[in-house]
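Below, chain A is the first sequence line, B the second, and so on; all start at residue 1.
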Amino acid sequence: MARKFLFHRLSRNLGVDLGTANTLIYVQGEGIVLREPSVVAKRADDGQIIAVGEEAKRMVGRTPGEIVATRPLRDGVIADFDTTAAMLAYFIRKGLKNRTLLRPTVIVGIPSGVTGVERRAVIDATEQAGAREAFLIEEPMAAAIGAGLPISEPVGSMVVDIGGGTTEVAVIAMGGIVTAKSIRVGGDEMDEALIQYCRRAYNLLIGERTSEEIKIAIGSAYPMKEEQSIEVRGRDLVSGLPRTVRMTSSEAREALAEPVAQIVEAVKQTLERTPPELAADIVDRGIVLAGGGSLLRGIDRLLSEETGMPVMLTDDPLSAVVMGTGRVLEEIDTMRRVLITSKKL
Amino acid sequence: MQEDRAPSSPDDLLGIGERLRNAREAKGLTLAVAETLTRIRATYLSALEEEQFARLPGAVYARGYLRTYALALGLDPDDLMEAYPGAFSRSHEPIFTSLPTEIPIRPAVPPSVTRRIALYAGGAILLVIAILGIIGYQQLHQFAQPVPKPPPPASEPPHPAGGPAPSPASPPQAEVAPPAAPAARAAIPGGGVELTVQATGPCWLLVSADGEEVFKGTVNAGDVRVWRARARVTVRVGNSEAVSVLVNGQPVQQDPRRQVWEETFTAP
């Protein structure tokens, strides 16, 4: 008991949402302390890391030849192990502001559909990054806890977490995931769809950052009351010269239709596999959206139309997962059952 | 017309339930129509209008319903939410609360494989110990039994036994030849061997008839003891001078120098 108390005092435990797009860190007793893009800029020749996070993101697509700005995670899983570990180590140090005696216990959210090897990689990377002990939690579970859904009750709740790399759909009851579907479609896929659309419709080449800006500014999934437009700057494919075009929100919606349809399909498929008693609960209560992708305008309306159920957003969709990991940290003794340890892999 | 009912109307003083209902009625919608519009159950919508928040399934859903319903009716959801912050704030109760149970719930698991193996091993060890115990006990018996059973009859040839003569009429002969044959032979009626001991003083005796011990003890002066055996009789004498031994009526002569002797006599 005393030992436990001591550990609680001396080491600060962390909850991490290691996302494809953004990494968030929750420090026990403090709240969310860090929210940065999961981007690393490094030198191409010797692999030396130059910048991490916000700073590195500003470099994406704007680096000279010898510097590459990469995202070490793709589709929700680690694509570049060493870079991920280095990035995580940087974020953990930054989040804790270098003032701990003991190394922290870290809970990391991972997509539900990943393989054992991919999970192992996250645990290893977290331990390399300076964690005393690393636990994993499935993102939809973390998002549901973060959203405040009654996960421990014998009532079905559906949560849809649209992240950067993946979309997680899960039905949760009695502290566990009943049915889940994870598709590797998320914000990145939407950005990619916009890039493809610009290339096809305007012969205009745009970068990832620009397409993300378009998505945030005018992207929508359902017709809006007032349509908007934005100026898009890129390089003309024919002339090779920079050019500006005006893109309307209906055009953007058309471009985003494909990834959005995949998300809707994933929700429908999960509902089809849900046991009837839980499906009844979900019809009664509705679907909760979390994750940055749920900020896409009208996606709640579209899902509601398509499924015939009420659909609502959590208060802060971007931080639902990390809030969930934080909540688990605070109640770690009773919440161990929802965690994945290295033994349970 | 919707604009008239916009957030900054006198409605601000009303509760959110009334504002929602006024907005809905101003639009000429029934709860059933509102349900199809928002996809939210009419019961939950009426719970919002009646401000019975306990009937709503939880804070997350309550907030979501209020937001969706307010938007559908053209009201500002944030404005409404501010009116009752307490009703829509999430609870801070622990997620997993363990109910206090009188009787602890324990799983009724079948014995695990390791436990079963341990059980079998224990049983086997016990069995081995039992077998060893039985063997050891028998061995002890085997060692214990030979003790009262001295060597076979013909192992003391140099003893000066009684008259070896087959004929009953030669006592002096026997005296002449003391280191002769071990057993005196004279038939008695009914067959077998008859041993007679006449004591003139205290003497310790051990008598076995047909291999069975029949006497072990001291005889005193004047005692006359007779033992019969079908096949053979063994006698051990503690004080040769104090007794005279007769076999089938024939006296047995012993070397006077030997105070203690043992002899086996067989039936003729």
**Residues of residues 271-288 of chain A with any heavy atom under 4.5 Å of a heavy atom in chain B** = A:V283, A:D284, A:R285, A:G286, A:V288
**Prompt:** Which bit of A:L313 comes within less than 4.5 Å of chain B, counting heavy atoms only: side chain, backbone, both or neither?
**Reply:** neither
**Request:** Could you check which of A:R301, A:M309, A:E153 has the highest count of heavy-atom pairs closer than 4.5 Å to chain B?
**Result:** A:M309
**Prompt:** Contact part of B:R67 toward chain A, heavy-atom cut-off under 4.5 Å: side chain, backbone, both or neither?
**Reply:** neither
**Request:** Mind checking ring-ring contact (aromatic ring centres under 6.0 Å, His included) for B:Y65 and listing every partner two or more places apart, or none if nothing turns up?
**Result:** B:Y44
**Item:** Portion of A:V311 that has a non-hydrogen atom of chain B nearer than 4.5 angstrom
**Value:** backbone
**Asked** Are there more than 12 heavy atoms of other residues, nucleotides or ligands under 6.0 Å from atom CZ of B:R55?
**Response** yes
**Interchain contact, A:E330 with chain B, by part (heavy-atom threshold 4.5 Å)** = neither
**Asked** When rounded to the nearest 0.5 angstrom, what distance separates OG in A:S304 from CG in B:L37?
**Response** 10.0 Å
**Fill in**
Contacts of A:Y222 meeting ring-ring contact (aromatic ring centres under 6.0 Å, His included) (sequence neighbours excluded), chain-then-number -> none
**A:T307 versus chain B, the contacting section by heavy-atom distance below 4.5 Å** = neither
**Prompt:** Between B:T38 and chain A, which part of the residue has a heavy atom less than 4.5 Å away: side chain, backbone, both or neither?
**Reply:** backbone
**Residues of residues 135-144 of chain A contacting chain B, heavy-atom criterion under 4.5 Å, by residue number** = none
**Item:** Gap separating the CZ atom of B:R63 from the OG1 atom of A:T314, nearest 0.5 angstrom
**Value:** 8.5 Å
**Asked** Looking at side-chain heavy atoms only, is the closest gap between A:P150 and B:Y61 below 4.5 Å?
**Response** yes
